[in-house]
K.L.:
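Take a look at the following structure, please.
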Amino acid sequence: MDKFTYAHNDTSAGERETPTAQFNKPRLPAEIVKLRQSAFSRGIPTADDETLNFLITLLSAVRPVNILELGSAIGISGSVMLKICPNAHLTTVERDENFYGEAVKNLSALGFTNRVTAILGDAGEVIQKLDGSYDFIFLDCAKVQYVKYLPRLKQLLDTGGILLADDVLLYGWLTGETPVPPKRKMLAQHVKEYIDAVENDEELATTIINAGDGLALSVKQ
């Protein structure tokens, strides 16, 4: 499981405690709560409370109909997105066969089979083969690849669409709250490159949000 995480273990207490985390608790159906508890207990990466609450609030406002998710894990964030957006179709990509199988099973059990296209494969390879466009992209896969994927994700994103990248503050490493561990300096460098790229891209309006482990919200102009 190490290849999916940069230090994930049990994230039930939050990945990075922000001053607002105490207020931002998601309201979730019991079946999704159960899935999250299972993920936490097994050290499977899944969004913490504050990140998930932000995602729910944002989706409740914009109501996308064509969602792309890179990094399914076991289908928790995908399930939440489909729950909040009843008219949406989700294309979700996962490279680990075990996670992919569990995600498909969980999404089916929640009644979302007809609204999901689940793809087993490397995100970087898959996005090159996708056609069509998306009005919401949730980027939550290998952080070191974010900046590499950005040009293609911009092509896939509708004008006015949202690209939301998770975990961009890396436990506070990028804000200077916590020193970057020596073995993680390259990861921090690549994520900083992603932040710089979206902030300086004239086609994107971007804000960095201090929620959970950090989110980069970009809107295509």
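Heads up: numbering here begins at 1 and tracks the sequence. Note: hydrogens, waters and symmetry copies are ignored here, and every other heavy atom, side chains too, is used.
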K.L.:
Hydrophobic clustering (ILVMFWY, side-chain heavy atoms < 4.5 Å, transitive) - are I44 and L52 grouped together?
P.N.:
yes
K.L.:
Do you know the tightest heavy-atom contact between F112 and S79?
P.N.:
CE1-O, 3.7 Å
K.L.:
Could you tell me the separation between the CD1 atom of I56 and the OG1 atom of T51, rounded to the nearest 0.5 Å?
P.N.:
11.0 Å
K.L.:
Would a 4.5 Å heavy-atom cut-off, applied to side chains only, mark H190 and M186 as touching?
P.N.:
yes
K.L.:
Does V33 belong to the same Ile/Leu/Val/Met/Phe/Trp/Tyr cluster as L107, with side-chain heavy atoms less than 4.5 Å apart forming each link?
P.N.:
yes
K.L.:
Atom CZ in F138, atom CD1 in I162: separation rounded to 0.5 Å?
P.N.:
12.5 Å
K.L.:
Sub-3.5 Å donor-acceptor pair from the side chain of R36 to the main-chain atoms of A47, do we have one?
P.N.:
yes
K.L.:
I'd like to check E31 versus L35 (side-chain heavy atoms, cut-off strictly below 4.5 Å). Are they in contact?
P.N.:
no
K.L.:
Determine the minimum heavy-atom distance between F99 and D96, stating which atoms define it.
P.N.:
N-OD2, 2.8 Å
K.L.:
With a 4.5 Å limit on heavy-atom distance, are the side chains of F136 and C85 in contact?
P.N.:
no
K.L.:
Please report the shortest heavy-atom distance between S72 and T92, naming the atom on each side.
P.N.:
OG-OG1, 2.5 Å
K.L.:
For residues M81 and L217: do they belong to one hydrophobic cluster (side chain heavy atoms under 4.5 Å, members Ile, Leu, Val, Met, Phe, Trp, Tyr)?
P.N.:
yes
K.L.:
Hey, quick one: are W173 and V147 part of the same hydrophobic cluster, counting side-chain heavy atoms closer than 4.5 Å, chains of contacts allowed?
P.N.:
yes
K.L.:
Grab the two heavy atoms, one from G160 and one from V219, that are nearest each other, plus how far apart they are.
P.N.:
O-CG1, 3.9 Å
K.L.:
Do Y100 and L120 touch side chain to side chain, with heavy atoms closer than 4.5 Å?
P.N.:
yes
K.L.:
With rounding to the nearest 0.5 angstrom, report the CD to CG distance, E199 to D196.
P.N.:
6.5 Å
K.L.:
Give the cluster check for V65 versus V80: same hydrophobic cluster or not, with ILVMFWY residues linked at side-chain heavy-atom distances below 4.5 Å.
P.N.:
no
K.L.:
How many angstroms lie between atom CG of L90 and atom CG of L68, to the nearest 0.5 angstrom?
P.N.:
8.0 Å
K.L.:
So which heavy atom on I84 is nearest to which on P86, and how close?
P.N.:
O-CD, 3.2 Å
K.L.:
Side chain of N66, backbone of S133: donor and acceptor closer than 3.5 Å?
P.N.:
yes
K.L.:
Not counting sequence neighbours, list each pair that qualifies as a side chain to side chain donor-acceptor pair (under 3.5 Å) and has a residue in residues 114-131.
P.N.:
H89-T117
K.L.:
What heavy-atom pair brings G212 and T18 nearest, and what distance separates the two atoms?
P.N.:
O-CG2, 3.7 Å
K.L.:
Within a radius of less than 6.0 Å around NZ of K192, do more than 12 heavy atoms belonging to other residues, nucleotides or ligands occur?
P.N.:
no
K.L.:
Return the CD to CG distance between E69 and L139, rounded to the nearest 0.5 Å.
P.N.:
10.5 Å
K.L.:
Under a 4.5 Å cut-off applied to non-hydrogen side-chain atoms, are L169 and N210 in contact?
P.N.:
yes
K.L.:
Would you say the side-chain atoms of R42 pair up with the backbone N or O of A39, donor to acceptor, closer than 3.5 Å?
P.N.:
no
K.L.:
In the structure I gave you, are the side-chain heavy atoms of L130 and I119 within less than 4.5 Å of one another anywhere?
P.N.:
yes
K.L.:
For the atom pair CD1 (I127) and NZ (K148), what is the distance rounded to the nearest 0.5 Å?
P.N.:
9.0 Å
K.L.:
Just wondering, more than 12 heavy atoms not from Q221 lying within 6.0 Å of its CD?
P.N.:
yes
K.L.:
Got a donor-acceptor contact below 3.5 angstrom from the S108 side chain to the K105 backbone?
P.N.:
no
K.L.:
Counting only heavy atoms from other residues, nucleotides and ligands, does the tally under 6.0 Å from NZ of K25 exceed 12?
P.N.:
yes
